[in-house]
There are 2 protein chains.
Amino acid sequence: MGDRDAKDALFDGFAEVAKALANGRRAEIVDVLAQGERHVEDLADEIDQSVANTSFHLRALAAAGLVVTRRERTRIYYRLASERVGALWEALRDVSAAHHGRIDDLARAYLGERDELEQITRDELALRLDAGEVIVVDVRPEVEFAAGHIAGALSMPIDGLGRRLRHLPEGIEVVAYCRGPYCVFADEAVRLLRRRGRAARRLEDGFPEWRRSALPFEIGVAS
Amino acid sequence: MGDRDAKDALFDGFAEVAKALANGRRAEIVDVLAQGERHVEDLADEIDQSVANTSFHLRALAAAGLVVTRRERTRIYYRLASERVGALWEALRDVSAAHHGRIDDLARAYLGERDELEQITRDELALRLDAGEVIVVDVRPEVEFAAGHIAGALSMPIDGLGRRLRHLPEGIEVVAYCRGPYCVFADEAVRLLRRRGRAARRLEDGFPEWRRSALPFEIGVAS
DNA sequence: TACCTCCTCAAAGAATCTCTTGAATAATTG
DNA sequence: CAATTATTCAAGAGATTCTTTGAGGAGGTA
């Protein structure tokens with residue numbers, strides 16, 4: 001009890017889990033899986049890598065226990081092992097944003113300048129949604145909406161958003177959200193809406209954070 | 001905006017921070033620094049590594065922004081960049097315990113069998129401490145007690161605990177705590193106390209978690 | 001059974017990481 | 001100013017990681 005080798009082995013164990021997140025492609029995978037399960041080919045497409053390499057990274061995540069699988073017909077679906085993994089991913093992003101010198105610049109390079117992009121917090125959105133003062137639009141792909149979305153949100157994937165804007169009720173502020181604080185979909189949606197003269201803001205983060213805050217959410221396709 | 005290379009670079013940035021935790025020795029350093037600042041030689045001793053290697057790992061942590069330094073006379077003191085880093089470390093331990101297949105075994109090998117070791121939660125301890133029903137003993141080294149401890153706790157470092165037991169008030173349950181859930185000091189203290197016929201439990205985690213829960217704490221040496 | 005789809009595995013080269021050794025540096029002290 | 005203390009740096013050996021390529025499953029379908 002309490003000897004050095006055993007302590008080193010234990011902390012090497014923690015390090016193995018950190019190692020699973022210590023690769024940009026695996027981080028992207030976790031960010032996608034935080035929205036719901038996906039199969040390998042789909043993930044490969046999402047992170048722009050070969051299926052073989054994606055499979056390699058998924059095995060690394062699975063070996064560390066961060067993801068689990070299920071088979072359905074010929075496909076194998078991966079999902080996060082639990083909400084805890086999503087919370088760890090959120091904590092990692094928080095620390096990175098606060099202390100990693102270049103995250104701000106990298107985020108700006110990817111997302112564009114966000115100065116004119118107004119954000120709304122989860123709590124404020126929950127209040128205004130409850131009061132019927134806003135309409136909430138989920139701009140993620142439909143499969144992610146189906147896996148879980150903010151209660152009352154409309155599914156309007158960013159791809160066809162321009163064509164579907166006419167179906168949005170007029171004269172009410174729109175709040176768009178997507179995967180999380182570093183997801184570009186909601187930014188694009190808000191910019192598009194504002195160009196069309198609509199009042200629009202983006203939720204400060206995304207659906208996974210909303211669900212982890214125990215705010216109301218629904219599962220399934222639009223009614 | 002939104003292009004692949006920029007996205008990869010951003011997520012590589014998050015991965016760099018994970019990489020900083022992706023080594024057992026660096027994880028041990030973070031666990032110690034969560035208790036308060038330390039200088040390099042001290043840390044080298046704590047993790048049983050050469051000063052040069054410890055310095056190397058500290059630079060890796062500093063490059064990722066996880067730790068910052070201050071100089072005092074000839075020594076350089078390292079500390080965690082913020083509470084966020086401690087929270088990330090806690091999240092990593094949580095995920096490891098929940099999903100990494102071998103953490104349980106590794107923890108048992110290091111800490112010994114914990115079956116007969118009763119634990120108490122933070123919230124229950126806060127209540128019982130408030131009611132004056134327990135006496136709380138901090139068994140970490142004195143320097144860590146001085147950097148911050150549970151309000152009302154007595155400093156009784158595990159090293160000389162046996163000799164100082166006579167100074168403990170009789171007829172009241174003792175709760176021991178130390179650095180966190182994987183710290184061996186409190187386990188040793190509870191076993192020692194119970195061998196001497198005292199009612200004793202250990203706090204389920206440690207001081208950093210107590211402070212992050214916004215429970216009452218004090219800074220400075222014993223009065 | 002043969003064939004198809006989806007995924008995993010093995011090998012291999014380039015790049016990166018860990019830790020040791022011994023020298024260099026910065027601030028303090030005599 | 002030289003000596004001392006605490007820490008960092010540089011170089012290198014050995015291990016590990018990432019990615020690609022092409023082959024090898026496992027399960028489902030005709």
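Heavy atoms only: backbone and side chains are in, while hydrogens, waters and symmetry mates are out. Order of the sequence lines sets the chain letters (A, B, ...), proteins ahead of strands, with each chain counted from 1.
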Exercise for the section: Apply the test side chain to side chain contact (heavy atoms under 4.5 Å, CB included) to residues Y78(A) and V40(A): give CA-CA distance (whole Å), side-chain angles for both, the deciding distance (0.1 Å), then the verdict. Expected result: CA-CA 7 Å; Y78(A) 281 81; V40(A) 181; 3.6 Å; yes
Practice task
Give the C-alpha distance, both sets of side-chain angles, the deciding distance and a yes or no for salt bridge (Lys or Arg N to Asp or Glu O under 4.0 Å) between R191(B) and E188(B).
Solution key: CA-CA 5 Å; R191(B) 290 198 171 93; E188(B) 286 178 5; over 6 Å; no
Nearest-angstrom distance from the residue atom [atom1] of [X] to [atom2] of [N]:
X: F56(B); N: dC9(D); atom1: CZ; atom2: P; value: 12 Å
X: I47(B); N: dT18(C); atom1: CD1; atom2: P; value: 12 Å
X: R71(B); N: dA26(C); atom1: CZ; atom2: P; value: 10 Å
X: D8(B); N: dC18(D); atom1: CG; atom2: P; value: 14 Å
X: D45(A); N: dC7(C); atom1: CG; atom2: P; value: 12 Å
X: L61(B); N: dT18(C); atom1: CG; atom2: P; value: 10 Å
X: L58(B); N: dT18(C); atom1: CG; atom2: C1'; value: 15 Å
X: E72(B); N: dT5(D); atom1: CD; atom2: P; value: 18 Å

Practice task
Name the nucleic acid region contacted by V51(A), choosing base, sugar-phosphate or nothing; use a 4.0 angstrom heavy-atom cut-off, strictly under.
Solution key: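 Base contact.
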Compare side-chain N and O positions of [X] against OP1 and OP2 of [N] and report whether any pair is under 4.0 Å apart.
X: T74(A); N: dC6(C); answer: no
X: H57(B); N: dC19(C); answer: yes
X: Y77(A); N: dC7(C); answer: no
X: R59(B); N: dC9(D); answer: yes
X: R75(A); N: dG28(D); answer: no
X: Y78(B); N: dA6(D); answer: no

Practice task
Give the nucleotide from the list dG22(C), dA6(D), dT29(D) with an atom nearest to the side chain of E41(B).
Solution key: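 Output: dA6(D).
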Problem - Residue N53(B), side-chain atoms from C-beta onward, closest of dT20(C), dT20(D), dC7(C) - result: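 From the listed options, dT20(C) comes nearest.
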Problem - Stretch residues 9-34 of chain A: residues that reach within less than 4.0 Å of DNA chain C through a heavy atom - result: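 Within residues 9-34 of chain A, no residue comes under 4.0 Å of DNA chain C.
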Handout entry: Criterion salt bridge (charged side-chain N to carboxylate O under 4.0 Å, His left out) against E37(A), the qualifying member of R70(A), R71(A), R75(A)
Key =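 Checked R70(A), R71(A), R75(A) against E37(A); only one passes salt bridge (charged side-chain N to carboxylate O under 4.0 Å, His left out): R70(A).
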Problem - pair F14(B)-W89(A): side-chain heavy atoms closer than 4.5 Å - result: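 Yes, their side chains come closer than 4.5 Å.
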Exercise for the section: Compare all side-chain heavy atoms of V190(A) with those of R202(A) and state whether any distance is below 4.5 angstrom. Expected result: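 With C-beta onward as the side chain, the pair touches.
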Exercise for the section: Starting from the C-alpha separation in whole Å, work towards a yes-or-no answer on salt bridge (Lys or Arg N to Asp or Glu O under 4.0 Å) for E144(B) and R179(B). Expected result: CA-CA 9 Å; E144(B) 297 177 19; R179(B) 292 174 174 168; 2.6 Å; yes
Problem - Given DNA chain D, 5'-ward residue of the pair A52(A) and R73(A), judged by closest heavy atom - result: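 Per heavy-atom nearest nucleotide, the more 5' residue is A52(A).
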Problem - Test item: side-chain donor near acceptor, R26(A) and H57(A), under 3.5 Å - result: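 Side chains of R26(A) and H57(A): pair found under 3.5 Å.
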Problem - Criterion side chain to side chain contact (heavy atoms under 4.5 Å, CB included) on V30(B) and L80(B), from CA distance to verdict - result: CA-CA 7 Å; V30(B) 169; L80(B) 298 191; 4.3 Å; yes
